[in-house]
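The structure under discussion appears below in the form of structure tokens.
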Amino acid sequence: MDTTPRYTLRLLPWTGPEAKQCFLITDDGGGRVSRLADVTEATQLDMGARLLAHADELLPDATEAQLRFLAERLTEALRDVLRVAESRELRTRG
């Protein structure tokens, strides 16, 4: 029986310098950085959902400046959600 630890690569829900992807090499999912990543992912998903709800309320009467600001925030939220989805897909294939 092989008792060598199996290391996995996890895409983290934040980026490093120059917006480059950050990865965690781990032999389990219970370490401090993994738990921080779990909390960060949950926060990002919650913020995206709240922003979408705010957009639904704002859109009918939004000014041009409000629309631009909203588009920038929605773009950030979508980028975060796509990173979370990619990370989770990589872990399920793992």
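Residues: numbered from 1 along the sequence shown.
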Inter-residue atom distance E41.CD - S87.OG, 0.5 Å rounding: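 One gets 5.0 Å once the value is rounded to the nearest 0.5 Å.
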All salt bridge (Lys or Arg N to Asp or Glu O under 4.0 Å) counterparts of E64, not counting sequence neighbours: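 Salt bridge (Lys or Arg N to Asp or Glu O under 4.0 Å) list for E64, sorted by chain: empty.
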Kindly write out the residues that satisfy salt bridge (Lys or Arg N to Asp or Glu O under 4.0 Å) with D46, not counting sequence neighbours, or none if the list is empty.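 Scan of D46 (salt bridge (Lys or Arg N to Asp or Glu O under 4.0 Å), adjacent residues dropped) gives R50.
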Would you be so kind as to tabulate the donor-acceptor pairs closer than 3.5 Å made by side chains of residues 17-24, with sequence neighbours excluded?
none

I25, L11: one ILVMFWY side-chain cluster at the under-4.5 Å cut-off?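 Cluster IDs for I25 and L11 match.
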Do Y7 and L90 belong to the same hydrophobic cluster, where Ile, Leu, Val, Met, Phe, Trp and Tyr are linked whenever their side-chain heavy atoms lie under 4.5 Å apart, directly or via other members?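 Y7 and L90: one cluster.
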Restricting to side chain to side chain contact (heavy atoms under 4.5 Å, CB included), what partner residues turn up for T40, sequence neighbours left out?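 Result, side chain to side chain contact (heavy atoms under 4.5 Å, CB included) vs T40: P13, W14, L36, Q44.
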Can you give me every donor-acceptor pair (side chain of residues 53-60, partner residue at least two apart or in another chain, under 3.5 Å) with its distance?
none

Listed pairs under 3.5 Å, donor-acceptor, residues 74-81 side chains, sequence neighbours left out:
from : atom 1 : to  : atom 2 : distance (Å)
T75  : OG1    : A71 : O      : 2.7
E76  : OE1    : R73 : NE     : 3.0
E76  : OE2    : R73 : NH2    : 2.9
D80  : OD1    : R83 : NH1    : 3.3

If you link I, L, V, M, F, W and Y whenever their side-chain heavy atoms are under 4.5 Å apart, who else ends up in the same group as V39?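 Besides V39, the cluster holds no residue at all.
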